[in-house]
Amino acid sequence: MVEFQYSNVEREMEVYGYDAVVKSHCRMCHGGCGVLVYTKNGKVEKIAGDPDCPINHGTLCSKGLASAQLAYHPDRLTYPVKRLGPKGSGRWERISWDEALDTIAERLLQYRDTFGAESVVLGYGTGRENEAVIYRFANLFGTPNVLTAGHFCYGPRIATSILTCGTNPIVDYENHPRCIMVWGNNVVISNPDCYKGEPFSRALDAGAKLIAVDPRLTRIAARADVWLPLRPGTDAALALGMLHVIIEEELYEKDFVENHVHGWEPFVQRVEEYPLDRVEEVTWVPAQKIRDAARLFATTKPAAIQWGVAIEQQVNCADNDRLLMFLMGITGNIDVPGGQVLFKPPGIRNVGHFGAHRMLPDTQREKRLGGDRFRLAGNFAIINPKCVWDAILEEKPYPVKTLFFISSNPLMTRGNAAEVYRALEKVEFMVVSDFFMTPTAEMADIVLPAATWLEMDYIGDFWKRHGYILPRRKVIQVGECRSDHEMLNDLGHRVGQGEHWWDNFEQALDWILEPIGITWQDFKKMDYIRGDLLYQKYETRGFSTPTRKFEIYSTVLESMGYDPLPQYREPPESPYSTPELYRKFPYILITGRRLPGFFHTENRQVPWLRELHRDPVVEIHPDTAMKEGIQEGDWVTIESPRGRVRQRAKFFAGMDPRIVSAEHGWWFPEKEDPGHGWDESNINMLTDNAYKACDPAMGATHVRTLLCRISPEDRS
Ligand SMILES: Nc1nc2c(c(=O)[nH]1)N[C@H]1C(S)=C(S)[C@@H](COP(=O)(O)OP(=O)(O)OC[C@H]3O[C@@H](n4cnc5c(=O)[nH]c(N)nc54)[C@H](O)[C@@H]3O)O[C@H]1N2
Ligand SMILES: Nc1nc2c(c(=O)[nH]1)N[C@H]1C(S)=C(S)[C@@H](COP(=O)(O)OP(=O)(O)OC[C@H]3O[C@@H](n4cnc5c(=O)[nH]c(N)nc54)[C@H](O)[C@@H]3O)O[C@H]1N2
Ligand code: SF4
Ligand SMILES: [Mo]
């Protein structure tokens with residue numbers, strides 16, 4: 001039994017009559033926070049932060065606190081169902097797990113025999129700690145096609161950091177950064193990937209300097225020493241401008257550059273193309289502010305960059321990520337205490353190993369959708385969603401017949417939702433595993449009831465780069481829900497992969513932990529395990545790149561036929577690249593700012609969380625609202641060349657009046673029709689997914705930088 005250092009727990013159990021308190025590990029977002037789950041009569045009564053957890057030190061967000069409302073929600077799918085009637089009919093019949101999995105296995109094998117394994121596409125969305133099992137199933141089945149959000153989220157950070165310095169550099173909050181540059185990230189709300197807002201806020205309280213790069217005056221930007229409110233989508237130009245200052249004023253770390261950087265000379269020449277007057281014109285940020293920020297960042301040691309997804313959902317995705325790493329590198333902040341660390345995870349079998357990528361035959365790997373177009377993405381097993389929709393709709397380069405989505409709501413979350421809808425409508429066989437009947441699930445043939453984090457044993461933070469793993473312990477069972485891990489373990493047996501799976505999933509956890517000599521039962525008794533903390537490993541071993549150096553000039557990108565040096569590309573839709581369109585659509589639309597209670601399309605049915613935020617909200621500058629005749633709270637029509645949706649106006653003076661900021665992920669579970677209003681406020685009805693508008697290497701869709709017009713609803 002795990003011991004509680006937090007003495008109140010025993011007292012609370014006595015006073016309130018809880019029958020157990022289980023230490024576990026939340027995963028209502030990307031996960032990470034240690035929790036104490038209090039139960040009474042076998043039901044979860046309360047969830048609180050675990051003060052002993054090194055990730056969150058007892059803090060929790062609204063989503064974590066509301067987890068039990070999601071788990072016990074009356075609309076929750078608690079048994080497998082198959083559709084009766086045509087797609088979208090909303091009529092479903094309960095079936096057994098055996099019938100569901102036998103049917104799925106039979107159909108998958110039929111399609112593999114007739115059209116090849118590549119005609120089966122598996123899919124997930126953001127990180128749910130199930131990616132290792134999904135890749136394992138796909139690779140063993142022989143399909144190279146796993147559709148994720150990795151083309152425009154996190155995948156680019158992993159791919160480009162492997163190219164540049166071997167792994168993703170993580171801010172070392174434990175060793176007190178003295179300057180933090182927050183770039184396109186709102187960590188205090190989003191708590192994304194390897195990060196939580198709590199250590200960031202503590203660093204500021206301890207006096208760290210702060211630079212914020214965000215078009216919007218967020219709470220973080222409001223605390224900043226320097227706020228750079230750039231024109232959305234111009235991050236690469238801004239970073240190149242800062243690098244220009246750092247090189248011109250010789251503020252870089254000369255020893256690091258001389259001994260550990262590959263490609264310095266050509267890089268300096270490239271940076272010369274970005275003098276501050278040009279950068280000011282492109283970014284709308286005054287040159288002096290850029291200079292101030294560059295100086296502050298380069299001269300305060302140690303410094304770190306807290307970076308986010310906004311820079312990846314752009315045509316400059318891969319170069320943006322690389323440029324931020326170059327800022328970290330040449331200022332001497334890579335792999336130093338309080339800077340940006342290349343942490344070593346515990347020596348367990350990792351996600352890549354578990355994912356069985358080596359088991360996919362080369363002949364199948366070569367068939368990866370979009371692999372020849374978006375070559376960097378293809379190399380990291382990532383595909384651009386449009387490649388899948390095209391393969392369904394036009395059967396090019398070959399037909400895709402089956403979609404199997406496990407934790408994703410692509411109708412709401414991928415660019416050009418109208419096209420996604422057409423593809424889901426046409427695909428011959430579709431399976432979804434989810435907690436609820438989402439708009440995507442309503443298009444499926446079979447829907448499987450997934451377990452929440454409260455209902456499974458797993459190794460939490462298995463995929464992260466911060467160096468920790470923490471046990472997630474099963475607390476409850478809801479209906480017939482099963483974890484994706486157990487479900488795929490079972491399905492694997494039914495499609496002939498039995499020798500590569502286990503009798504039960506606990507054995508898989510044992511296998512993951514085996515190299516460090518413990519079993520799941522041992523790990524379950526522990527609080528966490530951390531990898532070795534070693535700094536400046538490059539001094540002795542170099543970086544894990546082809547040249548063993550920090551690659552500013554990427555030999556890998558060069559070998560793939562891309563520009564080895566970073567550059568700025570104007571967004572495909574902008575006042576400057578499409579001036580004609582700008583006359584008709586005179587505002588820059590950014591989408592997707594994170595909201596505290598929702599996770600993308602999730603939690604719209606969870607009472608505590610929906611109460612925080614009832615309707616979709618579009619932020620409009622008060623001057624713009626006045627010009628367009630919009631009152632605060634009005635329902636507003638937002639239009640792009642692709643379509644129109646409605647959200648409610650909220651005045652926000654903290655951004656340029658030429659910018660409009662809309663929310664993403666909105667559907668209405670309370671609406672009775674099977675579509676649940678999926679296209680009414682779904683901002684991806686407006687976004688574009690054309691190949692030419694995507695990042696050429698990663699295939700990132702630019703869902704953040706497009707043009708729109710707005711009007712009060714009654715006038716349109
Ligand atoms: N316009 C615009 N679009 C965006 C973004 C944006 O900023 N702007 N952001 C994008 C980003 S960064 C991302 S990562 C994607 C996310 O895209 P998705 O991952 O597709 O989005 P979610 O709404 O999180 O969908 C997850 C679904 O899985 C279910 N689910 C949650 N956990 C589990 C689980 O453990 N098992 C199973 N089987 N189901 C589970 C949830 O109920 C939900 O229906 O959205 C992207 N879309
Ligand atoms: N509560 C909650 N948490 C989440 C999620 C959620 O949906 N809800 N989603 C999760 C996922 S999958 C992800 S990827 C992360 C993302 O988390 P973050 O990286 O924090 O992403 P956002 O809040 O979408 O955007 C961060 C900031 O980027 C700014 N921004 C917009 N356009 C630009 C631009 O062109 N350049 C720059 N520099 N800034 C810009 C926005 O104003 C915003 O303040 O959050 C994760 N955490
Ligand atoms: S930040 Fe994520 S892991 Fe932490 S409590 Fe919130 S939802 Fe759970
Ligand atoms: Mo994401």
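Throughout, residue positions are numbered sequentially from 1 according to the sequence presented.
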Would you say the side-chain atoms of Gln314 and Asp695 include a donor-acceptor pair closer than 3.5 Å? no
Just wondering, do Ile590 and Ile659 contact through their side chains at under 4.5 Å, heavy atoms? yes
If you measure from CD on Glu442 to CE on Met430, what distance do you get to the nearest 0.5 Å? 10.5 Å
Walk me through it: do Glu129 and Trp463 pass the test side chain to side chain donor-acceptor pair (under 3.5 Å)? CA-CA 7 Å; Glu129 309 213 302; Trp463 58 285; 3.0 Å; yes
Using a 3.5 Å distance criterion without hydrogens, assess whether the side chain of Arg375 forms a donor-acceptor pair with backbone atoms of Asp372. yes
Among all residues two or more places apart in sequence or in another chain, which pass the side-chain hydrogen bond (donor to acceptor under 3.5 Å, both in side chains) test with Trp666? Glu663
For Ile382 and Gly155, the nearest pair of non-hydrogen atoms, with its separation, is CD1-CA, 3.8 Å
Quick check, are the ring centers of Tyr135 and His357 under 6.0 angstrom apart? yes
Got a donor-acceptor contact below 3.5 angstrom from the Thr402 side chain to the Val120 backbone? no
Determine whether more than 12 heavy atoms belonging to other residues, nucleotides or ligands lie under 6.0 Å from atom CD of Glu394. yes
Of all residues at least two apart in sequence or in a different chain, which pass the salt bridge (Lys or Arg N to Asp or Glu O under 4.0 Å) check with Lys87? none
Flag for Glu628-Tyr587: side-chain donor and acceptor within less than 3.5 Å: yes
Rounded to the nearest 0.5 Å, how far apart are SG of Cys387 and CG of Asn145? 9.0 Å
Those residues that, when tested against Arg414, pass side-chain hydrogen bond (donor to acceptor under 3.5 Å, both in side chains) (two or more places apart): Ser408
When you compare the side chains of Asp319 and Gln567, does any donor N or O come within less than 3.5 Å of an acceptor on the partner? no
Side-chain donor-acceptor contact under 3.5 Å, Tyr124 with Arg128: no
Pairwise distance CD(Glu118) to OH(Tyr398) - rounded to 0.5 angstrom: 5.5 Å
Which pairs with one or both residues in residues 399-451 pass ring pair (Phe, Tyr, Trp, His ring centres under 6.0 Å), sequence neighbours excluded? His73-Phe436, Tyr421-Trp678
Given Thr440, which partner from the list Thr413, Leu424, Leu403 fulfils the side-chain contact (heavy atoms from CB on, under 4.5 Å) test? Leu424
Using the test salt bridge (Lys or Arg N to Asp or Glu O under 4.0 Å), find all partners of Arg91 that sit at least two apart in sequence or belong to another chain. none
Salt bridge present between Glu573 and Arg642 (N-O < 4.0 angstrom): yes
Do Ile638 and Arg709 come close enough that some side-chain heavy atom pair is under 4.5 Å? no
Could you tell me if His702 and Gln313 have a donor-acceptor pair between their side chains, going purely by distance under 3.5 Å? no
Between Thr164 and Arg322, is any side-chain donor less than 3.5 angstrom from a side-chain acceptor? no
Closest approach of Ala450 to Asp484 (non-hydrogen atoms, all atoms of both residues): CB-OD1, 3.9 Å
How far apart are the closest heavy atoms of His151 and Gly699, and which atoms are they? ND1-O, 3.2 Å
Does the side chain to side chain contact (heavy atoms under 4.5 Å, CB included) test come out yes or no for Glu99 and Lys82, once each step is laid out? CA-CA 10 Å; Glu99 181 182 344; Lys82 78 173 175 199; 3.1 Å; yes
Could you state the interatomic distance from CD1 (Ile134) to CD1 (Ile406), rounded to the nearest 0.5 Å? 4.0 Å
Does Asp390 come within less than 4.0 Å of Lys396, counting only side-chain N to carboxylate O? no
Taking the basic N atoms (NZ, or NE/NH1/NH2) and the acidic carboxylate oxygens, is any pair closer than 4.0 Å for Arg94 and Glu480? yes
My understanding is that only residues two or more places apart in sequence, or in another chain, count here; which of them pass salt bridge (Lys or Arg N to Asp or Glu O under 4.0 Å) with Arg658? Asp656
May I ask you to decide if the ring planes of Trp501 and Phe354 are parallel, tilted or perpendicular, using 30° and 60° as cut-offs? perpendicular
Side-chain donor-acceptor pair under 3.5 Å between Asp321 and Ser161, yes or no? no
Glu93 bridged to Arg83 by N-O distance under 4.0 Å: no
Just wondering, do Ile383 and Phe374 contact through their side chains at under 4.5 Å, heavy atoms? no
Answer whether the closest heavy-atom distance between the side chains of Val400 and Leu369 falls below 4.5 Å. yes
Sequence neighbours left out, what passes salt bridge (Lys or Arg N to Asp or Glu O under 4.0 Å) with Glu366? Give chain and number order. none
Given side chain to side chain contact (heavy atoms under 4.5 Å, CB included), test Thr452 with Arg76 step by step and report yes or no. CA-CA 11 Å; Thr452 68; Arg76 180 113 186 258; 3.7 Å; yes
Sequence neighbours excluded, every pair satisfying salt bridge (Lys or Arg N to Asp or Glu O under 4.0 Å) that has a member inside residues 147-157: Arg157-Asp193, Arg157-Glu312
Regarding His600 and Thr126, do their side chains bring together a donor and an acceptor under 3.5 Å, going by distance alone? no
Ring-ring centroid check His676 Phe668, cutoff 6.0 Å: no
Summary of salt bridge (Lys or Arg N to Asp or Glu O under 4.0 Å) pairs that have at least one residue in residues 428-440, sequence neighbours excluded: Lys401-Glu428
Please answer whether the main-chain N or O of Asn186 pairs with a side-chain N or O of Arg593 as donor and acceptor at a distance below 3.5 Å. no
Ignoring hydrogens and angles, tell me if any N or O in the side chain of Arg373 forms a donor-acceptor pair with the backbone of Pro696 under 3.5 Å. no
Mark yes or no for whether Arg648, through its side chain, and Val636, through its backbone, hold a donor-acceptor pair below 3.5 Å. no
Could you tell me whether the side chains of Gln605 and Glu670 share a donor-acceptor contact shorter than 3.5 Å? no
Value rounded to 0.5 Å, distance of CH2 in Trp453 from OG in Ser483: 15.0 Å
Could you pull out all residues at least two apart from Asn350 that satisfy side-chain contact (heavy atoms from CB on, under 4.5 Å)? His353
Is the NZ or CZ atom of Arg482 both under 6.0 Å from the centre of the six-membered ring of Trp97 and within 45° of that ring's axis? yes
Using the side-chain hydrogen bond (donor to acceptor under 3.5 Å, both in side chains) criterion, which residues pair with Asp98? Sequence neighbours excluded. Arg494
Rounded distance (nearest 0.5 Å) linking atom CG of Asn130 with atom CZ of Arg27: 7.0 Å
Counterpart residues, side-chain hydrogen bond (donor to acceptor under 3.5 Å, both in side chains), relative to His493 (two or more places apart): none
